[in-house]
2 protein chains.
Amino acid sequence: MVQYSPVDRTFAALADPTRRLVLERLGSGSATISELAQPFGMSLTGMKKHVRVLEETQLVATEKVGRTRLCHLGPRRLDDVRMWVETYRQMVNEQLDRFGDVLDRTKGDRQ
Amino acid sequence: MVQYSPVDRTFAALADPTRRLVLERLGSGSATISELAQPFGMSLTGMKKHVRVLEETQLVATEKVGRTRLCHLGPRRLDDVRMWVETYRQMVNEQLDRFGDVLDRTKGDRQ
DNA sequence: CGAATACTGAACCATTAAGTTCAGTATTGG
DNA sequence: CCAATACTGAACTTAATGGTTCAGTATTCG
């Protein structure tokens with residue numbers, strides 16, 4: 001098996017809908033673990049685990065404030081992920097062009 | 001647990017480095033299962049499983065040709081994934097702006 | 001025809017992931 | 001001080017992943 005890079009772990013972090021929703025929630029301001037867990041009806045421990053995954057990928061940063069833990073968006077900008085997706089898009093387009101060529105040659109007409 | 005949407009499955013499909021490399025390989029033209037498996041020193045069965053994941057997310061399409069299976073890039077354009085990442089980027093920027101505001105005001109309770 | 005090739009499916013295994021509960025610890029408010 | 005609150009860690013359960021091997025089936029080639 002191949003070892004996992006930051007990009008791998010970031011894609012994996014984003015693959016969970018709960019975590020994407022947490023990120024969206026944090027887009028409107030910081031929140032504690034309880035506040036994040038509540039709308040999902042999830043245990044604090046469960047949400048804590050999600051937050052840890054998001055912290056490991058730097059998508060979230062946290063700080064202990066009294067007995068609560070404040071979570072907010074982290075420094076991670078997803079540049080590598082955006083780059084991969086953009087490169088992929090270009091690749092697909094080139095493939096489509098090539099496929100178009102083949103179509104033109106075999107069928108001899110457009111559309 | 002939340003149920004898994006196509007976006008979820010796509011992020012998960014892209015989380016594996018082997019699968020991303022397969023996609024990149026297919027960017028330069030179609031290939032059989034054997035041809036895809038060879039550079040990874042992986043069993044055909046193993047590669048077949050990866051291809052199935054990519055097929056389920058429409059990132060790859062395949063067709064049986066004689067005793068081989070030809071794989072090429074599928075119809076999936078990753079538009080939803082790109083959209084999510086882009087929206088996230090804007091969100092982070094807004095957060096950074098807000099953080100600047102807070103700094104200007106010296107203190108600041110959250111919310 | 002018969003052997004080699006290319007894939008396929010089933011069964012298995014080890015690891016990780018997502019969630020839980022339960023038993024703590026630290027902080028706060030009265 | 002004491003009880004309630006908020007989190008934390010360990011242990012456990014269940015299911016999914018990523019890989020394997022082995023025993024087929026279908027196709028091609030000499």
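Each chain gets a letter, A, B and so on, in the order its sequence line appears, and its residues count up from 1.
Taking atom CG on A:L14 and atom P on C:dA17, their separation rounds to 14 Å, with Å as the unit. Atom P of nucleotide C:dA17 and atom CG of A:L54 are separated by 13 Å, given to the nearest angstrom. Rounded to whole angstrom, the span from the NZ atom of A:K48 across to the C1' atom of D:dA11 amounts to 16 Å. One can place CE of B:M47 at 18 Å from C1' of C:dG9, the figure rounded to the nearest angstrom. What separates CZ of B:R69 from C1' of C:dT5 is a distance of 16 Å, to the nearest Å. Atom pair B:E55:CD and C:dT8:P shows a separation of 9 Å (rounding to whole Å applied). Nucleotide D:dA26 holds its C1' atom 15 Å from the CD1 atom of B:I33, rounded to whole Å. Between B:L44 atom CG and D:dT20 atom P the separation is 10 Å, expressed in whole Å.
Taking the charged nitrogens against the carboxylate oxygens, A:E56 and A:R52 do have a contact shorter than 4.0 Å, which makes a salt bridge.
The heavy-atom pair separating A:A31 from A:L36 by the smallest distance is CB-CD2, 3.8 Å.
Between A:K64 and D:dT8 there is a side-chain polar atom (N or O) within less than 4.0 angstrom of OP1 or OP2. For the pair A:S43 and C:dT20, the criterion of a side-chain N or O lying under 4.0 Å from OP1 or OP2 is met. The side chain of A:K49 places no N or O atom within less than 4.0 Å of a non-bridging phosphate oxygen (OP1 or OP2) of C:dG19. OP1 and OP2 of D:dT25 both lie 4.0 Å or more from every side-chain N or O belonging to B:R67.
Looking at heavy atoms from C-beta onward, A:E86 lies in side-chain contact with B:R82 at the 4.5 angstrom threshold.
Residue side chain B:T45 reaches the base of C:dG9 through a donor-acceptor N/O pair under 3.5 Å, judged by distance alone.
Nucleic acid contact class of B:R19 (heavy atoms, under 4.0 Å, all strands): sugar-phosphate only. B:G66 comes within 4.0 angstrom of the backbone, heavy atoms only, and of no base.
Annotation: of the two residues near DNA chain C, B:E35 and A:G41, the 5′-most nearest-nucleotide partner is B:E35.
Side-chain atoms of A:R9 and A:T57 include no donor-acceptor pair closer than 3.5 Å. Remark: the A:R76 side chain and the A:T10 side chain contain an N/O donor-acceptor pair separated by less than 3.5 Å.
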